[in-house]
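Structure below; questions to follow.
What you see is a predicted model, and the numbers here were worked out from it, not measured in a lab. Quick note on labels: first sequence line is chain A, next is B, and so on, each numbered from 1.
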There are 2 protein chains.
Amino acid sequence: MEGPSFKEQQFKVRENLIVDAANQLLADKGFDLMTMDDVAAAVGVSKGILYKHFPSKESLAAAAMVRVLRGALGAIEALPPEMSAVEKLKAALRWTLESRLAGGLPLLPSGSASLQTSLMTSMEYVGAIFRMNGVVTGLVEQAVRAGDLRGDIPAEVMVHSIYSRTCDPALDFLRRGGRYADADLVAHLVSIAFDGLTARS
Amino acid sequence: MEGPSFKEQQFKVRENLIVDAANQLLADKGFDLMTMDDVAAAVGVSKGILYKHFPSKESLAAAAMVRVLRGALGAIEALPPEMSAVEKLKAALRWTLESRLAGGLPLLPSGSASLQTSLMTSMEYVGAIFRMNGVVTGLVEQAVRAGDLRGDIPAEVMVHSIYSRTCDPALDFLRRGGRYADADLVAHLVSIAFDGLTARS
DNA sequence: GTCTATATGTGGATAGAC
DNA sequence: GTCTATCCACATATAGAC
């Protein structure tokens, strides 16, 4: 009837710290440039420890991606039910952009073949991706039926356009310039994504 | 009164082939994953030769980027003068997306610090970037004055949003799915970039 | 379990023969 | 100028002491 032992709890806590550090480094440098030494140094442990938790760099990155995906899903599901589908989509995009500005959002998988295969063979990752895709696609279709999103473009194309806005490089670039407040930047990018660049008649 | 010798011409021709191959590989795998062995194998020469032409991997990538930037500038300047500014911007975006589909457009610089510094210390690269930025910014401002682009968003933000659309990951992803003709895909993405996802009233 | 030290592979860059 | 062979640094992953 006992819970997990103290050591097991410590192990879990440390694993979380490792994923935290990986998350940060992935957001900062991307998968290719992040090294296991970086992660170890950030956590303050030896490199060998990392391999007691994760069998490879790829699986560590996968764990970080899974945690982010679950967080994003939770953020979407926590939105008030009375909110319209299109407003939920805008809120979701806003959430991811704010998370990126806060510094904790890993970038999209690099072209690394080993990472790709590792992700695609991870049940947790493909499951999270699958669920996320279902939720977003559902929202888009709902918004189209409500007449809030365009009906002349396939839903799948709109879904992937929204995904790509979450990692819009313009965000980092404009933030570096330092000429805009973070909140304004997010508002601008969300507005451009949904309302476009063209002046409304 | 003689032109360049035969060997000098050969040298230039080979250099072009090298940049071609680098271009292709950069578009395919990105800077981090492209190796000098890849380039050498693609050209069909030994690796050492590459260093007779370019002192480093970074400078080779910079040369590829410069050529692309000049090509893009040329494409913009070749547009008919009677075309409106906003139509020119759309045409430019269309041109880059089509170039990417054709397989020959290097992706944006990876986070690699050495590449960044190498690019920023290359007079040719910063010059090309500077000119490109001037042309695009000028077109955006012109389109705003004409009432074709939104006036409630800073021009700089719109400029960088257009840049980021040229490397929209949705293009590769949707093409992989194979459900859409290339031309439709380009048209959809250009339309989403300028007209947005929201239904027009 | 945690560390130090090391094995192993890879990729950028160079040396030397021709 | 072009090749082959090599150096060197670095990163993943592992072995072994404690």
Problem set entry | Stretch residues 37-46 of chain B: residues that reach within less than 4.0 Å of DNA chain D through a heavy atom |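 Contacts with DNA chain D under 4.0 Å: B/Val45, B/Ser46.
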
Problem set entry | Base-pair map of DNA chain C as dot-bracket, where | denotes pairing with a different strand and pairs are Watson-Crick or G-U under 3.5 Å | ||||||||||||||||||

Give every donor-acceptor pair under 3.5 Å between a side-chain atom in residues 20-27 of chain B and any protein atom, sequence neighbours left out.
from, atom 1, to, atom 2, distance (Å)
B/Asp20, OD1, B/Arg67, NH1, 3.0
B/Asp20, OD1, B/Arg67, NH2, 2.6
B/Asn23, ND2, B/Gly104, O, 2.9
B/Gln24, NE2, B/Gly103, O, 3.3

Problem set entry | Start and end of the DNA chain D segment that chain A contacts, any atom under 4.0 Å from a heavy atom | D/dA11 to D/dT14

Problem set entry | side-chain hydrogen bond (donor to acceptor under 3.5 Å, both in side chains) against A/Asp32, all qualifying residues, sequence neighbours excluded |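 side-chain hydrogen bond (donor to acceptor under 3.5 Å, both in side chains) list for A/Asp32, sorted by chain: A/Ser110.
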
Problem set entry | Set of salt bridge (Lys or Arg N to Asp or Glu O under 4.0 Å) partners for A/Lys52, sequence neighbours left out | none

Problem set entry | Atom-to-atom span, CG of B/Leu60 to C1' of C/dG11 - whole angstrom |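 In whole Å, C/dG11 C1' and B/Leu60 CG are 15 Å from each other.
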
Exercise. Whole-Å distance between C/dT6 P and A/Tyr51 OH?
Worked result: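 From A/Tyr51 OH to C/dT6 P: 18 Å.
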
For this session: State whether the side chain of A/Thr96 and the backbone N or O of A/Leu93 hold a donor-acceptor pair below 3.5 Å, judged by distance alone.
Result: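 Confirmed, A/Thr96 side chain pairs with A/Leu93 backbone.
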
Problem set entry | Partners meeting salt bridge (Lys or Arg N to Asp or Glu O under 4.0 Å) with A/Glu15 (sequence neighbours left out) |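 Scan of A/Glu15 (salt bridge (Lys or Arg N to Asp or Glu O under 4.0 Å), adjacent residues dropped) gives A/Lys12.
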
For this session: Using heavy atoms to find the nearest nucleotide of DNA chain D for A/Lys52 and B/Phe11 separately, return the residue whose nucleotide is more 5′.
Result: B/Phe11

Problem set entry | Flag side-chain contact, heavy atom, 4.5 Å: B/Ser191 against A/Arg150 | yes

Extract all donor-acceptor atom pairs below 3.5 Å that involve side chains of residues 173-190 of chain B and protein atoms in other chains or at least two apart in sequence.
from, atom 1, to, atom 2, distance (Å)
B/Arg175, NH1, B/Leu101, O, 3.3
B/Arg179, NE, A/Glu156, OE1, 3.2
B/Arg179, NH2, A/Glu156, OE2, 2.8
B/Tyr180, OH, A/Glu156, OE1, 2.6

Exercise. What are the residues of residues 13-29 of chain B, sorted by number, that bring a heavy atom to within less than 4.0 Å of DNA chain C?
Worked result: none

Exercise. Among pairs that include at least one residue of residues 96-106 of chain B, which meet salt bridge (Lys or Arg N to Asp or Glu O under 4.0 Å), considering only residues two or more places apart or in two chains?
Worked result: B/Arg100-B/Asp172

Problem set entry | Distance in angstrom units between A/Asp32 CG and C/dT10 C1', rounded |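 After rounding, the reported distance stands at 14 Å.
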
For this session: For residues A/His53 and A/Ile18, report the shortest heavy-atom separation together with the two atoms involved.
Result: CD2-CD1, 3.7 Å

For this session: Kindly write out the residues that satisfy ring pair (Phe, Tyr, Trp, His ring centres under 6.0 Å) with B/Phe194, not counting sequence neighbours, or none if the list is empty.
Result: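 If we apply the ring pair (Phe, Tyr, Trp, His ring centres under 6.0 Å) test to B/Phe194, skipping adjacent residues, there are no hits.
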
Side-chain donor-acceptor contacts of residues 34-43 of chain B below 3.5 Å, not counting sequence neighbours, with atom names and distances?
from, atom 1, to, atom 2, distance (Å)
B/Thr35, OG1, B/Asp37, N, 3.4
B/Thr35, OG1, B/Asp38, N, 3.0
B/Thr35, OG1, B/Asp38, OD1, 3.4
B/Thr35, OG1, B/Asp38, OD2, 3.2
B/Asp38, OD2, B/Lys29, NZ, 2.9
B/Asp38, OD2, B/Thr35, N, 3.2

Problem set entry | Validation row: A/Val19, A/Phe54 side chains within 4.5 angstrom (heavy atoms) |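 Result yes, sub-4.5 Å side-chain heavy-atom pair found.
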
Exercise. Do A/Val140 and A/Ile162 come close enough that some side-chain heavy atom pair is under 4.5 Å?
Worked result: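 Contact flag for A/Val140/A/Ile162 side chains = yes.
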
Exercise. Under 4.0 angstrom, heavy atoms only, what part of the nucleic acid is A/Lys57 near: base, sugar-phosphate, or nothing?
Worked result: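 Sugar-phosphate only.
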
